[in-house]
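Computed from a prediction, not measured in an experiment: that's the story for all the values here.
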Amino acid sequence: MIGLDVAGISESIEIVLKRFDLSTQLNLAQNIFVTGGVSKFPFLKNRIENDVRMMLPSNSKINIVIASDPSIDGWSGASALSDYFVKNFDDFFITKQMYSEMGKDYLRDHIFSNPFVPTPE
């Protein structure tokens, strides 16, 4: 936004890419997904592609995908997730027996768990 000192889309992408080695940067650049109302701006995809191209070696492959319906993408994802949750409800909780056997520090491994993945320096 004008007047605010915050990173734009391209700058945010650059910040993320710089946290990884070149090989990983090249892989990430082939999988950039843009969603939300801002992705409806004309020529945004071209602008991001040009900006990312300046961040990487000249022969790098860059693939930017704009969501098909970016305004409701978050809602659609949450809806799909809730459907999955309802169908697999019992998989997301531990039983009293499991708690008794494994103790309070047990974390059930499932699709919603948060495994620790260290951020590259």
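- Summarising the hydrophobic clusters (Ile, Leu, Val, Met, Phe, Trp, Tyr; side-chain heavy atoms under 4.5 Å, direct or chained), the residues clustered with Ile15 are none.
- A 6.0 Å sphere centred on CZ of Phe41 holds no more than 12 heavy atoms belonging to other residues, nucleotides or ligands.
- Closest non-hydrogen pair, Gly37 versus Ser71, comes out as CA-OG, 4.5 Å.
- The side-chain hydrogen bond (donor to acceptor under 3.5 Å, both in side chains) search around Glu49 returns Arg53, not counting sequence neighbours.
- Between the CD1 atom in Ile64 and the CD1 atom in Ile32 there is a gap of 4.5 Å [rounded to 0.5 Å].
- Within the 4.5 Å cutoff, no side-chain heavy atoms of Asp83 are placed close to those of Leu81.
- Between Ile66 and Ser39, the shortest heavy-atom contact is CG2-O, 3.8 Å.
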Do Asn27 and Thr24 pass the side chain to side chain donor-acceptor pair (under 3.5 Å) test, and can you show the C-alpha distance, the side-chain angles, and the key distance before you say yes or no? CA-CA 5 Å; Asn27 284 333; Thr24 305; 5.6 Å; no

Evaluate the criterion side chain to side chain contact (heavy atoms under 4.5 Å, CB included) for residue pair Val65 and Asn63; output intermediate values, then yes/no. CA-CA 7 Å; Val65 176; Asn63 184 38; 3.8 Å; yes

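- Between Gln30 and Ile62 there is no side-chain heavy-atom pair separated by less than 4.5 Å.
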Determine whether Val16 and Ile13 satisfy the following criterion, side chain to side chain contact (heavy atoms under 4.5 Å, CB included), listing intermediate values before the conclusion. CA-CA 5 Å; Val16 170; Ile13 292 170; 5.9 Å; no

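- Hydrophobic clustering (side-chain heavy atoms under 4.5 Å, transitive across Ile, Leu, Val, Met, Phe, Trp, Tyr) keeps Phe33 apart from Ile72.
- Using a 4.5 Å heavy-atom threshold, the side chains of Ser100 and Thr95 count as separate.
- Atoms CD and CD, from Gln25 and Glu14 in turn, are 9.5 Å apart once rounded to the nearest 0.5 Å.
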Test side chain to side chain contact (heavy atoms under 4.5 Å, CB included) on Leu44 and Ile9 and set out the steps. CA-CA 10 Å; Leu44 180 69; Ile9 295 172; 4.3 Å; yes

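- Applying the side-chain hydrogen bond (donor to acceptor under 3.5 Å, both in side chains) criterion to Asp51, with sequence neighbours excluded, gives Ser10.
- No side-chain donor from either of Asp73 and Ser76 sits under 3.5 Å from a side-chain acceptor of the other.
- By the 6.0 Å contact criterion, CD on Gln97 is open, its count of non-hydrogen atoms from other residues, nucleotides or ligands being 12 or less.
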Apply the test side chain to side chain contact (heavy atoms under 4.5 Å, CB included) to residues Leu28 and Leu26: give CA-CA distance (whole Å), side-chain angles for both, the deciding distance (0.1 Å), then the verdict. CA-CA 6 Å; Leu28 290 172; Leu26 296 173; over 6 Å; no

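- Taking every heavy atom of both residues into account, Ala29 and Leu56 meet most closely at CB-CD1, 3.4 Å.
- Checking side-chain atoms of Ser79 against main-chain N and O of Trp75 turns up no donor-acceptor pair under 3.5 Å.
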